[in-house]
Amino acid sequence: MKFLNVDTYQEMSRQAANLISAQVIMKPDSILGLATGSTPIGTYKQLIEWYKKGDIDFSKVISINLDEYVGLDANNINSYRYFMDKNLFDKINIVKENTFVPLGTAENLEEECKKYDENIKQLGGIDLQLLGIGLDGHIGFNEPSEVFTKNTHIVDLDKSTIEANSRFFGSIDSVPKKAITMGMASIMRAKKILLIANGKGKKEILNKALFGPITPQIPASILQLHPDITVIYSEE
Ligand code: PGA
């Protein structure tokens, strides 16, 4: 594991964007696993800046996102499809049809989970997976549990996750209680993993996840078994 402790959020974002752009330069048709949340916004901003300067070309890139709230569609400002469009996809030259986010409004959610995994498999797996980490140690929306769930699945969100994410929804009651998330198998099969985290509040869980026992009670702890993981942390 490579662990980079940097001083500022901006430095974390710049370093993460550096690794993502290196991936895309080396393999223009990379399959990028992408994440939502406050943490990656700076990384996406940096990538957009470099794209505008002509330094990165996303025209052949395929992206696969980790998760989506059940019940929210692309027009809902709190959906992760909306987040990705506004914070990245609409500002770079990625082909929209090549961007995949689970469909939270699918009529048959179980079928959507199967389709999502099948698609990842057909694409040949993820080259570089960007991850944030939740305060409860979740990655994607893989919440603490008795087991590591392998496949894309529907989850009941943890109270702490609902509370943390209520900052975007105005009230706790408006936060969806369920989500669809990629499972651990697709995440762990990614050739490279890039985990970013910032803020004092994330320090304890990050320490537990990276250096404590490997347990599904701290889902991110499984990442200790990945052969090619880079973690970038800034206390800011
Ligand atoms: P955050 O979320 O980037 O908004 O802190 C991270 C996560 O929950 O995975």
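What's counted below: heavy atoms across the whole structure, side chains too, no hydrogens, waters or symmetry copies. Both ligands and their constituent atoms are indexed starting at 1 by order of listing. Residue indices begin at 1 and follow the sequence shown.
- One distance of note links CG of Leu131 with CD1 of Ile196; it measures 9.0 Å at 0.5 Å rounding.
- Applying the side-chain hydrogen bond (donor to acceptor under 3.5 Å, both in side chains) rule to Tyr69 yields the partners Tyr80, Asn165; only residues at least two apart in sequence or on another chain are considered.
- Residues satisfying the salt bridge (Lys or Arg N to Asp or Glu O under 4.0 Å) criterion with Lys121, sequence neighbours excluded, are absent altogether.
- Partners of Lys191 according to the side-chain hydrogen bond (donor to acceptor under 3.5 Å, both in side chains) rule, which considers only residues two or more places apart in sequence or in another chain, are Asp127.
- Protein residues having a heavy atom under 4.0 Å from any atom of ligand 1 are Gly37, Ser38, Thr39, Gly132, Ile133, Gly134, His138, Arg167, Lys202, listed by chain and number.
- A donor-acceptor pair is defined here as one N or O able to donate and one able to accept, closer than 3.5 Å; no such pair exists between the side chain of Gln224 and the backbone of Ile214.
- Considering CZ of Arg189 and NE2 of His226, their distance stands at 11.0 Å, rounded to 0.5 Å.
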